[in-house]
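Reviewing the structure listed below.
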Number of protein chains: 2
Amino acid sequence: MDRRDDNNCIQGGEDIENDGGGGALFERRESDASSFDGSVREPLLHHRSRINNTSQIAIVGAKVYPIESLDYEIIENELIKQDWRSRKRVQIFQYIFLKWTLALLIGLLTGVVAFFNNLAVENIAGFKLLLTSNLMLKDKYFMAFAAFAGLNMLLATCAAALCAFFAPAAAGSGIPEVKAYLNGVDAHSILAPSTLLVKDKEAHEQQGQNPREQIFGSIFAVSAGFVVGKEGPMVHTGACIANLLGQGGSRKYHLTWRWLRYFKNDRDRRDLITCGAAAGVAAAFRAPVGGVLFALEEAASWWRSALLWRTFFTTAVVAVVLRSLIQFCRSGNCGLFGQGGLIMFDVNSSDPAYNTPDLLAVIFIGVLGGLFGSLYNYLVDKVLRTYSIINERGPAFKILLVITISLLTSCCAYGLPWFAHCTPCPAGLEKECPTIGRSGNYKNFQCQPGHYNDLASLFLNTNDDAIRNLFSSRNRNEFHISTLFIFFFGMYFLGIITYGIAVPSGLFIPVILAGASYGRLVGRLLGSVSNLDVGLFALLGAASFLGGTMRMTVSLCVILLELTNDLLMLPLMMLVLLISKTVADIFNKGVYDQIVIMKGLPYLEAHAEPYMRNLVAGNVCSGPLITFSGVEKVGNILHALQMTGHNGFPVIDEPPFVDAPELCGLVLRSHLLVLLNGKKFTKNRLLFGSELLRIFHAFDFAKAGSGKGLKVEDLDLTEEELEMYVDLHPITNTSPYTVVETMSLAKAAVLFRELGLRHLCVVPKTPGRPPIVGILTRHDFMPEHVLGLYPEFNHHK
Amino acid sequence: MDRRDDNNCIQGGEDIENDGGGGALFERRESDASSFDGSVREPLLHHRSRINNTSQIAIVGAKVYPIESLDYEIIENELIKQDWRSRKRVQIFQYIFLKWTLALLIGLLTGVVAFFNNLAVENIAGFKLLLTSNLMLKDKYFMAFAAFAGLNMLLATCAAALCAFFAPAAAGSGIPEVKAYLNGVDAHSILAPSTLLVKDKEAHEQQGQNPREQIFGSIFAVSAGFVVGKEGPMVHTGACIANLLGQGGSRKYHLTWRWLRYFKNDRDRRDLITCGAAAGVAAAFRAPVGGVLFALEEAASWWRSALLWRTFFTTAVVAVVLRSLIQFCRSGNCGLFGQGGLIMFDVNSSDPAYNTPDLLAVIFIGVLGGLFGSLYNYLVDKVLRTYSIINERGPAFKILLVITISLLTSCCAYGLPWFAHCTPCPAGLEKECPTIGRSGNYKNFQCQPGHYNDLASLFLNTNDDAIRNLFSSRNRNEFHISTLFIFFFGMYFLGIITYGIAVPSGLFIPVILAGASYGRLVGRLLGSVSNLDVGLFALLGAASFLGGTMRMTVSLCVILLELTNDLLMLPLMMLVLLISKTVADIFNKGVYDQIVIMKGLPYLEAHAEPYMRNLVAGNVCSGPLITFSGVEKVGNILHALQMTGHNGFPVIDEPPFVDAPELCGLVLRSHLLVLLNGKKFTKNRLLFGSELLRIFHAFDFAKAGSGKGLKVEDLDLTEEELEMYVDLHPITNTSPYTVVETMSLAKAAVLFRELGLRHLCVVPKTPGRPPIVGILTRHDFMPEHVLGLYPEFNHHK
């Protein structure tokens with residue numbers, strides 16, 4: 001227990017989230033701040049120091065950002081209470097109406113964006129592939145390669161340039177960031193790094209929330225033939241659209257809408273972004289129910305029944321929008337975008353009857369998927385850490401890396417098919433085989449007429465078409481065993497080395513490609529034992545590999561069912577997912593969780609760690625505190641705001657206003673800034689809260705978009721004003737959640753997590769001491785922090 | 001604020017959950033207890049007194065039971081901490097292994113039970129219908145009616161007798177009870193009323209958890225031709241199976257398993273019962289994903305990602321079991337149970353193309369569904385309240401009511417088809433039409449050969465077959481418009497008057513039947529405008545009516561998709577569900593919520609009521625308190641246990657052990673009983689907790705099954721022992737959640753609900769007062785209680 005007093009007081013200073021840290025530590029903190037800049041250079045592969053590093057800074061790409069927490073607590077101060085009392089019925093209807101309108105808009109926009117994304121990809125990639133195959137038909141093989149690789153490289157460079165110069169956070173899948181945001185990490189600053197870099201330029205303030213880099217980057221990256229998908233970026237895009245809408249439009253273009261002030265709080269934004277993430281998945285896979293389940297299982301940390309209902313509405317809108325647009329395209333208005341535009345694989349296996357050997361084969365695929373999946377996660381993690389060293393050297397290195405990978409991909413895609421044997425076209429398919437001058441199953445490549453190259457049919461195709469080919473059940477022997485083997489290894493390793501380069505890159509499609517190829521391979525090899533269709537085997541392989549990497553169950557199952565439109569294989573799919581997840585969970589965590597950890601985002605787990613049961617809240621909390629009096633001198637407040645980065649300060653009512661010091665509540669930095677900016681001060685120490693209630697309105701204190709709120713530097717106070725007093729009562733949250741210092745840390749963690757808090761006040765157990773002993777923040781519950789203080793629990797982990 | 005002091009102290013005494021109520025109120029409480037018995041006679045239709053009625057007693061059927069709460073808080077006392085520290089790795093594996101084994105067993109058993117349920121129903125009902133139609137073929141029309149009505153009545157009487165004499169709680173759907181249990185209401189005593197009535201008979205103790213009455217009752221009721229379904233009872237059965245397994249088997253039959261002691265707590269039981277409920281839906285509809293979503297959306301109040309995963313496993317097992325058993329039956333081993341055994345309707349509408357008029361028709365169906373649904377809920381509520389007056393007069397009245405309804409149903413089913421016209425069989429279906437001597441589409445009834453009676457095809461059929469006929473899309477004009485009209489009204493009103501009689505009765509099937517008939521009716525009427533298939537219209541009608549009564553969205557959508565095996569109509573289904581739910585929500589609550597309220601179960605909503613923002617925790621909490629000292633006299637404890645029904649007592653550490661009185665924690669009644677039963681007392685006031693830690697083990701204090709725990713009457717203490725002291729520290733939960741008395745009631749309610757608490761300690765704000773001012777329980781957050789204390793907020797509702 002005594003270790004608390006010497007250890008925590010020091011630790012408190014090193015807290016960057018640093019809500020309510022140490023008053024005696026101003027100097028220390030300053031020096032800490034400079035040391036953060038120093039640590040930027042430290043590559044991720046190095047062992048980081050054990051204490052206080054995780055939740056201080058997020059490492060995204062090569063940039064390091066301080067992390068803020070979101071606040072899902074219902075703030076109850078006098079100002080807000082006054083607002084409730086005066087709120088009229090019509091305003092409640094406004095709010096409900098707006099909520100649904102926003103959900104509708106998110107669905108509409110995400111659907112339209114997803115559609116145009118696909119349209120562009122299909123047309124660009126289709127043009128590229130047609131050009132290549134036309135050149136090959138004229139036997140200009142080297143020129144074909146040059147055109148293919150050149151176009152790929154050009155597109156890749158565009159994608160990389162967008163990412164490197166405009167939106168570094170657009171790189172990667174985006175799902176880990178959305179996940180962290182929905183867990184309460186303020187990923188606004190992560191999604192919007194440009195706001196930090198170019199603070200002074202108004203024009204750039206909106207940029208981070210602008211999904212355009214993400215959209216165009218994704219189009220370029222997918223068209224460039226990279227082994228990347230568009231679903232992760234779509235989820236990110238959906239979330240960005242929701243965020244942009246929730247912020248009340250763009251202030252720059254005068255598109256703000258006054259009604260949207262209701263949504264200027266973290267809770268409503270969280271709901272909108274959950275809807276956005278669901279809409280993204282729904283749009284990427286045309287899977288509305290799958291989208292809802294994805295948001296529920298993977299993305300969201302808090303969930304309410306009402307949200308299920310709203311998310312469902314959003315994805316339904318997406319489904320309707322996509323359907324209408326695709327029907328519009330069926331009439332041939334969309335160039336090369338045809339039937340196969342948005343992925344939808346029809347696996348027609350009429351009522352698969354299976355027996356024991358089939359089940360054994362399926363179990364085998366599940367185990368294989370688990371093993372491959374955990375290995376994939378391990379390698380992705382290693383590759384990402386290596387890339388971060390390269391990427392942090394600057395945009396030029398980023399682009400160079402992208403070009404290298406692009407070249408490698410082009411070589412694989414164009415070079416490997418030369419090793420494949422030509423296969424004669426199956427009988428009865430003379431019209432379709434080989435495919436010349438259009439996209440399709442049987443690529444002619446270098447073969448004589450009437451033959452096709454099966455490896456080229458997989459490699460020299462868009463990812464969607466390759467998946468469709470693998471799932472096809474028409475021709476059992478369409479692909480050679482060696483072909484499937486080569487393609488599997490190609491996809492597996494290209495997928496690993498591609499993720500992490502500076503382009504928007506989804507993980508679903510590479511994983512489905514690799515999984516489907518080994519599933520079909522197993523199906524071919526076990527052909528004598530099992531009666532199941534090879535297309536079904538490919539689907540089960542894809543399911544098992546997805547389960548092994550992403551560790552989702554219900555949502556993956558539903559997404560795959562919606563993709564393939566066949567409910568009869570549900571039991572087999574469930575079995576495969578259960579096995580692969582169980583096997584993979586033995587080795588490591590899901591790929592998104594790994595990336596969240598690697599990026600240093602302080603993700604709060606839903607459960608408390610076992611060793612926390614041996615600690616109490618007082619053991620880890622930061623202290624001593626900076627507290628304010630109920631009526632405080634302006635100078636003191638300004639000093640505290642300037643010298644610390646704390647986001648919450650306890651307010652103590654003191655004599656003469658009360659008999660003995662008591663905890664009045666908690667006041668937020670952002671609210672203090674607004675209050676000081678209003679300059680309603682008094683000469684003497686007086687309660688004049690009722691005055692302030694008349695001047696200010698609750699919406700004045702609404703949370704601004706990231707990078708838009710008041711800064712302490714924006715305040716312009718005279719010497720005279722600094723000597724005056726201000727009444728903090730109207731803006732003090734008088735109902736903060738509290739725990740006694742002897743409360744078990746595990747139970748405090750559950751409270752903190754379940755209620756989505758930002759600050760948790762720790763009060764003393766025995767009377768006669770100051771009314772608050774510390775404040776717990778997200779950072780204090782991080783395993784790294786706790787185990788740093790108490791290394792003896794490390795073996796419990 | 002001052003109202004707190006005079007008002008609450010009195011209210012505290014009227015609290016039946018009464019954890020930590022008033023010490024000065026012993027006499028008052030006694031008299032209260034007797035007044036509960038008096039209130040039993042009060043019919044539900046009367047307006048109940050405004051204060052303190054909801055959470056005191058649950059009215060199930062005609063019985064009134066005191067309500068207990070479940071406790072999902074992690075208890076942390078010294079004994080349990082010692083156990084954690086000593087727990088070995090192997091025990092953790094045991095626990096995980098058991099968790100999955102239990103999930104497997106729940107899935108297996110529920111699947112098998114569902115299958116045999118169906119097998120029995122199909123065979124009994126099939127025999128009955130064949131007998132009737134054979135008699136009709138011989139022109140013995142009156143005899144046919146006598147046989148039909150007689151068999152129905154016999155089966156109905158069996159079902160009613162089972163319900164009336166053995167398991168009164170088996171009546172009704174069971175879903176509201178499961179929902180309330182998963183919200184933290186101790187529905188054990190509701191599910192197991194016999195334990196309360198026949199406490200002294202060991203043999204009966206297990207009865208309530210025994211699903212056999214439910215199973216047989218459901219078989220009889222469905223076979224009897226009632227307009228009831230088997231899904232509600234299946235959910236109840238699944239939950240009962242889970243409960244029985246989780247209790248560690250039956251002690252009576254020596255089937256207990258020592259390992260199962262890990263599951264002797266409310267949290268693990270909740271998880272098991274969630275799995276059971278999901279398994280029930282999965283088994284009833286052969287819809288594994290739908291089952292998971294049902295548990296998530298409708299049944300469960302708390303949800304974790306890990307639970308999703310386990311529930312999914314359980315329903316996957318159910319799906320595999322059902323599939324194997326059905327495949328076994330395909331070879332003809334199961335009598336009349338054929339292809340159509342477990343419902344699975346194949347609606348084959350290949351890629352429905354729809355345009356604007358179709359969408360308008362769909363919207364119209366949605367609105368209609370919402371209106372019909374809310375009216376249905378209103379009428380069901382009224383009918384239930386009327387029936388409760390009849391039912392409470394005794395088993396004879398119950399059975400009489402059942403017989404009346406059975407006769408009415410028989411008359412409708414046999415009588416109404418006489419009004420229908422005979423239709424000539426469609427060309428090309430000579431083999432199938434009319435159906436003679438077997439189940440099927442085209443019933444001959446009274447018609448001449450080559451003709452069929454379309455109303456008889458619906459009425460004189462099992463419910464599953466009737467639904468299949470309505471969904472069929474082969475013959476657009478199979479059913480006349482007048483037929484559909486009559487059938488809709490028949491089903492609508494029979495459904496309403498059947499629910500609430502003393503048989504197990506699901507709501508899904510009646511609602512689907514009525515919905516499908518008006519859907520098809522609309523389809524027929526709009527035939528000139530819309531191109532959609534009438535079978536599809538029937539499906540959309542069913543969806544809209546389900547949405548209008550039950551107000552689920554995602555789970556209904558997935559269940560219907562899994563039932564009909566057609567993903568392409570997903571967008572239309574989503575649209576219909578959204579509209580019908582929105583429309584119906586304007587008028588009233590979902591049917592299950594209504595029943596929960598009507599039964600007086602204290603269901604905690606996920607959100608706080610708006611008026612709670614104007615109150616603080618201290619305003620509603622019960623006081624003064626009975627508190628114990630850290631080392632307390634045995635006599636005092638026994639007296640408190642005997643005189644009150646409190647389930648939690650605060651423990652205060654007092655001088656000389658500490659400097660000033662401070663709150664040590666909370667001790668539970670059940671733990672106190674075990675401690676007193678152990679008789680480890682000391683002569684003097686001494687701390688001897690370490691001694692107790694050696695004697696007792698944490699499992700000694702594990703929660704027993706309902707009706708199995710120690711009672712205060714079981715204690716046998718001598719006069720001498722009553723004068724001795726016992727150290728309460730080892731069993732005191734030292735980390736109870738606390739709120740300050742000035743905490744907003746809304747925020748305290750959120751804390752209470754989110755963490756699933758049973759007791760929430762209210763501590764004083766100012767120093768110098770006793771360390772605890774009251775305890776909040778589930779009851780204190782009930783709107784009825786709060787609005788009873790503060791009627792001025794009533795208009796806010």
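Reminder, nothing fancy here: chain letters follow the sequence lines and each chain counts from 1.
- Heavy atoms of A:Asn733 lying under 4.5 Å from chain B belong exclusively to its side chain.
- Counting heavy-atom pairs under 4.5 Å between each of A:Met574, A:His607, A:Glu297 and chain B puts A:Met574 at the top.
- B:Pro771 does not touch chain A: none of its heavy atoms, backbone or side chain, sits under 4.5 Å away.
- Comparing A:Leu575, A:Val750, A:Thr742 by heavy-atom pairs within less than 4.5 Å of chain B, the highest count is held by A:Val750.
- When heavy atoms are compared at a cutoff of 4.5 Å, B:Cys664 approaches chain A solely by way of its backbone atoms N, CA, C and O.
- Checked by atom type, the side-chain pair B:Thr766/A:Glu662 shows no donor-acceptor distance below 3.5 Å.
- Annotation: A:Trp100 is in aromatic contact with A:Trp309 [ring centroid separation under 6.0 Å].
- At a 4.5 Å heavy-atom cutoff, the contact between A:Ala316 and chain B is made by backbone and side-chain atoms alike.
- A salt bridge links B:Glu741 with B:Arg769: the closest approach of a Lys/Arg side-chain nitrogen to an acidic carboxylate oxygen falls below 4.0 angstrom.
- Proximity to chain A (any heavy atom under 4.5 Å) is restricted, for B:Lys81, to the side chain, taken from C-beta onward.
- Contact of A:Val554 with chain B is made through backbone and side chain together, with heavy-atom distances under 4.5 Å.
- With chain B as partner, the option from A:Val763, A:Leu751, A:Val740 having the largest number of non-hydrogen pairs under 4.5 angstrom is A:Leu751.
- When each of B:Leu308, B:Thr738, B:Thr311, B:Val317 is checked for heavy-atom pairs under 4.5 Å with chain A, B:Leu308 comes out on top.
- Counting heavy-atom pairs under 4.5 Å between each of A:Lys765, A:Lys581, A:Met552, A:Glu298 and chain B puts A:Lys581 at the top.
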